[in-house]
Amino acid sequence: MVESTEPIVPEDAAILLRFLRTFGDQYHHIKEEGVLFPVLLRTSQAQEGPLRHLLFEHNQERSLIEGLDEAVRTKKGSEFLAFANRLTSRIRNHIEKEDGILFPILEGLLSKEQDDKVSAEFEKLQIDSGLIAELRLLEQKYLRKAVN
Ligand SMILES: [Fe+2]
Ligand SMILES: [Fe+2]
């Protein structure tokens with residue numbers, strides 16, 4: 001749970017938002033929405049319902065990120081915390097569903113050829129290392145604060 005009584009530093013929030021958006025829309029979600037899910041759908045119609053549900057959750061994540069952005073712009077710290085907590089539990093729950101339930105079921109469905117194709121497409125998608133470095137610095141700053 002995210003908790004703090006300190007004011008939000010706008011520059012730090014901007015880094016966080018940039019990371020959330022880039023990671024989601026230009027990297028992780030694109031891997032699933034643009035590469036993996038279409039292949040899975042073509043292979044197993046039976047998985048359409050669960051995959052649609054995961055797409056719905058991606059959109060929920062996007063809305064929560066917009067909520068965070070709005071809270072920063074309007075300087076509403078308590079709303080920022082509320083959106084941050086909702087987003088954290090949304091993402092945790094989503095990962096549990098994908099990694100714990102769905103992906104193990106789907107693993108055997110793809111042929112070697114499909115699997116290689118998906119992996120090759122994934123390789124093309126690289127997240128900006130500068131952005132990761134920025135996030136690491138932010139993480140260190142706030143972890144240090146939490147310890148002190
Ligand atoms: Fe996902
Ligand atoms: Fe995922």
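Just follow the structure's listing: the first ligand is 1, and inside any ligand the first atom is 1. Residues take their numbers from the sequence shown, with the count starting at 1. Everything numeric here is computed off the predicted structure, so don't read it as measured data.
- Of all heavy-atom pairs between Phe122 and Lys31, the closest is CE1-O, 3.3 Å.
- When the shell of 6.0 Å around CZ of Arg73 is examined, it contains more than 12 heavy atoms from other residues, nucleotides or ligands.
- Donor-acceptor pairing under 3.5 Å is recorded for the side chains of Tyr142 and Asp12.
- Here the protein contributes His28 NE2, Glu32 OE2, Glu98 OE1 as N, O or S atoms under 2.8 Å from the Fe ion (ligand 2).
- For His58 against Phe37, the heavy-atom pair with the smallest separation is CE1-CE2, 4.2 Å.
- For His58, the N, O or S atom closest to the Fe ion (ligand 1) goes by the atom name NE2.
- His94 and Gln60 share no donor-acceptor pair across their side chains, judged by distance under 3.5 Å alone.
- Taking Arg52 as the reference, Glu48 meet the side chain to side chain donor-acceptor pair (under 3.5 Å) condition, with sequence neighbours excluded.
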